[in-house]
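Values reported hereafter were calculated over all heavy atoms of this structure, with side chains retained and with hydrogens, waters and symmetry mates removed.
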Amino acid sequence: MAPDPRPHEPAPVLSLSDEDLMAKAATDDTKAFTELVRRYQTRVIHLVSRLLNDRQVSEDLAQEVFVRVHLHRRNYRTGSKFSTWLFTIAANLAKNEIRRRKRRKNWTSLDEMQEQLQDASMQFADPKANKEVDLEREQLSGVVGEAIATLPERYRVALVLRDIDGLAYEEISQILKIPGGTVRSRINRARLMLKRKLEPTLRREALE
């Protein structure tokens with residue numbers, strides 16, 4: 001049987017793992033990097049948006065995250081999980097922005113937060129739902145978002161990574177560079193603080 005004269009065709013980027021794509025991106029493969037952005041851009045925006053309560057800034061910051069990924073593409077350790085490396089960059093940039101805002105005493109913009117919540121309600125709203133139910137859901141989402149924004153940074157970041165983005169405790173530990181026990185402690189503490197902040201609202205909802 002004669003050997004196949006055709007050259008070996010590389011696997012299409014859509015079939016590659018995140019880690020293989022990053023390895024190719026490190027060699028300046030533009031298609032591989034573009035595919036990574038496509039896979040993770042929305043998740044990064046949602047993560048940063050939950051931490052900052054500012055949709056517009058979150059989109060800008062998400063772009064900066066991928067700029068950092070591209071700039072440091074050759075520093076990526078082959079064999080490590082790409083999403084962990086990516087979310088570490090995103091969390092660090094978000095924490096820097098939180099600290100900058102705290103120094104400037106410009107914690108949240110109510111108008112921007114309302115716009116963000118309106119976008120979220122349009123995205124997830126049930127078209128068959130009653131308008132009154134949609135309004136109540138939006139109001140409750142606003143209360144929750146505002147309460148999360150008041151949590152101290154170290155608790156807020158851990159809570160969002162776990163309860164909003166759904167990351168495993170081990171991955172959060174790697175992202176925040178803290179022991180697993182500390183991760184669980186911060187998340188439990190954040191949940192307790194959030195519950196206390198929401199108790200008045202929940203009591204009102206129960207009475208209505």
Side-chain angles (χ1 to χ4, degrees), residues 13-14 16-104 106-109 112-113 116 119-120 145 148-149 151-180 182-187 190:
V13 294
L14 292 177
L16 295 176
S17 67
D18 297 339
E19 292 71 31
D20 287 340
L21 286 173
M22 192 58 210
K24 292 174 71 66
T27 64
D28 298 328
D29 187 316
T30 304
K31 290 183 179 179
F33 181 75
T34 300
E35 173 61 14
L36 284 171
V37 174
R38 186 194 68 79
R39 289 182 186 184
Y40 281 96
Q41 187 174 40
T42 299
R43 285 188 67 183
V44 170
I45 291 174
H46 285 172
L47 169 63
V48 178
S49 180
R50 275 297 187 180
L51 291 171
L52 300 182
N53 259 328
D54 190 326
R55 181 73 179 187
Q56 183 175 349
V57 171
S58 298
E59 291 177 353
D60 293 340
L61 203 62
Q63 291 183 6
E64 177 64 20
V65 169
F66 288 105
V67 168
R68 296 287 182 93
V69 168
H70 188 264
L71 287 175
H72 299 288
R73 61 192 182 280
R74 293 184 180 89
N75 296 333
Y76 172 73
R77 290 186 303 156
T78 304
S80 61
K81 191 174 181 180
F82 170 74
S83 61
T84 301
W85 188 61
L86 174 68
F87 290 136
T88 299
I89 295 173
N92 286 339
L93 287 176
K95 287 190 288 185
N96 289 341
E97 177 65 15
I98 291 170
R99 292 163 187 165
R100 185 186 69 81
R101 290 185 174 202
K102 192 172 182 180
R103 287 194 298 268
R104 293 179 57 186
N106 184 25
W107 185 241
T108 56
S109 166
E112 290 169 347
M113 185 172 66
Q116 172 195 341
D119 291 343
I148 291 174
L151 297 178
E153 172 202 305
R154 62 185 181 276
Y155 299 117
R156 187 191 336 174
V157 174
L159 178 74
V160 170
L161 288 173
R162 176 60 184 172
D163 289 351
I164 304 298
D165 211 55
L167 299 187
Y169 288 104
E170 182 179 352
E171 189 167 3
I172 297 172
S173 174
Q174 294 173 21
I175 290 171
L176 300 182
K177 295 180 173 57
I178 57 177
T182 305
V183 170
R184 293 178 181 275
S185 176
R186 288 187 183 182
I187 292 172

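- Evaluated for a side-chain contact (heavy atoms from CB on, under 4.5 Å) with L47, the options V65, L161, L86 yield exactly one hit, L161.
- Between M22 and W85, some side-chain heavy-atom pair lies under the 4.5 Å cut-off.
- Partners of E59 under the salt bridge (charged side-chain N to carboxylate O under 4.0 Å, His left out) rule, at least two apart in sequence or in another chain, are R55.
- For the pair V157/K95, a side-chain contact is recorded, criterion being any heavy-atom separation below 4.5 Å from C-beta on.
- For R154, the salt bridge (charged side-chain N to carboxylate O under 4.0 Å, His left out) criterion is met by no residue, not counting sequence neighbours.
- The side-chain hydrogen bond (donor to acceptor under 3.5 Å, both in side chains) check on D18 picks up R39, Y40, with sequence neighbours excluded.
- Contact check on R156 versus E153 returns no salt bridge, with no Lys/Arg side-chain nitrogen under 4.0 Å from an Asp/Glu carboxylate oxygen.
- Residues L159 and L151 meet the side-chain proximity criterion, which asks for heavy atoms closer than 4.5 Å.
- The shortest non-hydrogen separation linking T84 to T88 is O-OG1, 2.7 Å.
- Checked against salt bridge (charged side-chain N to carboxylate O under 4.0 Å, His left out), D60 has no partners two or more places apart in sequence or in another chain.
- A salt bridge is defined here as a Lys NZ or Arg NE, NH1 or NH2 lying under 4.0 Å from an Asp or Glu carboxylate O, and D29 with R73 fails to meet this definition.
- Between D165 and F87 there is a side-chain heavy-atom pair separated by less than 4.5 Å.
- Evaluation of the salt bridge (charged side-chain N to carboxylate O under 4.0 Å, His left out) rule for R77 yields no partner, not counting sequence neighbours.
- By the 4.5 Å heavy-atom criterion applied to side chains, F33 and L21 are not counted as neighbours.
- No donor-acceptor distance shorter than 3.5 angstrom exists from the side chain of S49 to the backbone of S58, with no hydrogens or angles considered.
- Evaluation of the salt bridge (Lys or Arg N to Asp or Glu O under 4.0 Å) test over residues 81-94, restricted to residues two or more places apart or in two chains, returns K81-E171.
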